[in-house]
Amino acid sequence: MNDQQYLWWQTGIIYQIYPRSFQDSNGDGVGDLKGIIKRLDYLQWLGITAVWLSPIYPSPMADFGYDISDYEGIHTLFGTMEDFDELLKEVHNRGMKLILDLVPNHTSNQHPWFLESRSSRNNPKRDWYIWRDAKEDGTPPNNWLSVFGGSAWEWDEKTGQYYYHAFLKEQPDLNWRNPEVQEAMFNVMRFWLDKGVDGFRVDVMWHMIKDARLRDEPVNVDYQPHMATYEQLLHVYSTDQPEVHDIVRKMRGVLDEYKERMMIGEVYLPVHRLIGYYGVNNTGAHLPFNFQLLSLPWDARQIAAAIDEYEGALPANSWPNWVLGNHDQPRITSRVGLQQARVAAMLLLTLRGTPTVYYGDEIAMQDVAIPFEEVQDPQGLNMPDKNLSRDPARTPMQWDSSEHAGFTTGKPWLRLHRSYRRRNVTIEKEDRYSMLCLYKRLIELRQKEPALMTGAYIPVYADQHALAYIRQDNGASKYLMVLNLSNAPCYFTPKNFPFTGRVVLATTPELEGLTFTNTLALGGAEAVIMKIE
Ligand code: GLC
């Protein structure tokens, strides 16, 4: 028996909603809060614990809400504060939790703080942003690049200085070394926590502090022309600075003023740097996002090694987590194919640690080809030759076979996939071979079996086809997962690992109920969960 008490963000499953694309309620072609309320029963049916909403605040939408002009309001596109309060209430009524996106690294250039800051060199808020003189020849203060292309410095004619923006010039970076900035953002957190919000996903956490001397960054000798221009440099001075951990700890302190609230950190770093964001003795982020599955080749041995590295690197008493997709990345179904996406679902929902599901992945939504004239994402528009638009993974949720998939009665802001009439929630609910039924059953099993929900992870085996591991709950029950990450048949006959197991769930439901002893033959892209007897 396992007596340890786990918290909701450890036992639960997080579901990311990109609000523009989930459900429209007023026919303007953009999703909104009332629409989300209407779909909460679906999320409850699926077995979701917590919903994370991408930004819903007032914003000029230069980066679709990641450029915030008021941290304590709701964008009229999404609704009103009353709608938000109702959403929060309805989420809680269903026993679920609500996580908001917090974007503390930068504001919109239309935020009143920035308008003041840029109004004159001696404005009290001048130092809230990162302003520097030009070099003698008039060029920017250093060589830093913007993630979205070009220099990270923008010249301000009126006050004769440059300001720093890691993303768009419409997203000036705040100066987190200034205590007033810190206090202002902590109060934003308290505003939402007082309302009862259960946590935050903190945008670009590893960007929040920059080198005090703003030193030039070294050239990346591995740069290839197909990569984003940002990759030309190694970001050793503009990101992941030691002092960021003081900020994260202070943010955690704000959360700890309340009960059972949590913080996820968006951190794209290798594992040995990522784990620093848990903080000393877990005084940092509860869950620094673990993005390994987004970029690793779909190869059993490499994934097994990555899981082991991560499990081995986790600090004592910290909690792992896994992610298969988000609004910045190609969808898993497009990256590995429909059959392997089923294997991926089983992986996500049987590994140790909190899984985050990106909306639509549970119905196997694919990246949608957006014709060039319809591209909306600034990352795509700024670097048109590099195929970096994030629109393909942000298309409207496919609810049913009616026009626009039940998403809107108007014209959707991004087009839908041609196949939506076949691939949608309504149809998949009725089909036991669908991705949706697979997700629902995996979630159900994970939530009722302590071994799968919180049990230990024990690596068993990996070769060029199969990945096998055990989840075990203090000896009480034991599950063996065998996943074929290749598309060719394979045998799982581990020499030093005798087993007898009954298949309780499989990507091919025909395998369920069968018992195997010491050997198992799997078809391409087949994966099973066996209860060990
Ligand atoms: C994060 C968000 C991304 C946004 C960027 C700038 O990476 O996930 O969508 O463009 O931050 O805020």
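Counting starts at 1 for both ligands and their atoms, in listed order.
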Taking 4.0 angstrom as the limit and counting only heavy atoms of [X], give me the atoms of ligand 1 inside it, by number and element.
X      : value
His327 : 2 (C), 3 (C), 8 (O), 9 (O)
Phe148 : 10 (O)
His106 : 6 (C), 12 (O)
Arg390 : 3 (C), 4 (C), 9 (O), 10 (O)
Val204 : 1 (C), 7 (O), 11 (O)

Shortest protein contact, [atom] (heavy atom only):
atom                    : value
atom 9 (O) of ligand 1  : Asp328 OD1, 2.7 Å
atom 1 (C) of ligand 1  : Asp203 OD1, 2.8 Å
atom 10 (O) of ligand 1 : Asp63 OD2, 2.6 Å
atom 7 (O) of ligand 1  : Glu266 OE2, 2.8 Å

Worksheet item: Any ion pair linking Arg190 and Glu183 (charged N to carboxylate O, less than 4.0 Å)?
Response: yes
Worksheet entry | Test: Arg126 and Glu116 ion pair at under 4.0 Å | no
Discussion item. Is it the case that the side chains of Ser295 and Tyr268 hold a donor-acceptor pair, with the cut-off being a distance below 3.5 Å and no angle test?
Written reply: no
Worksheet item: If you count the non-hydrogen atoms of other residues, nucleotides and ligands that lie under 6.0 Å from NZ in Lys440, is the total more than 12?
Response: yes
Discussion item. Less than 4.0 Å is my threshold; does some heavy atom of Arg394 fall inside it relative to ligand 1?
Written reply: yes
Discussion item. Under 4.0 Å, heavy-atom basis, I'd like to know which part of Gln329 is in contact with ligand 1: side chain, backbone, both or neither.
Written reply: neither
Item to complete: Could you see which bit of Met205 sits under 4.0 Å from ligand 1, with heavy atoms only: side chain, backbone, both or neither?
Response: neither
Worksheet item: Quick one: is the NZ or CZ of Arg39 closer than 6.0 Å to the six-membered ring centre of Trp399, and within 45° of its axis?
Response: yes
Discussion item. Could you work out, with side chain to side chain contact (heavy atoms under 4.5 Å, CB included) as the rule, every residue matching Arg352, not counting sequence neighbours?
Written reply: Glu311, Leu314, Trp319, Pro320, Tyr457, Arg471
Discussion item. With a 4.5 Å cut-off on side-chain heavy atoms, are Ser108 and Ile68 touching?
Written reply: no
Discussion item. When you compare the side chain of Phe22 with that of Pro396, does any pair of heavy atoms fall below 4.5 Å?
Written reply: no
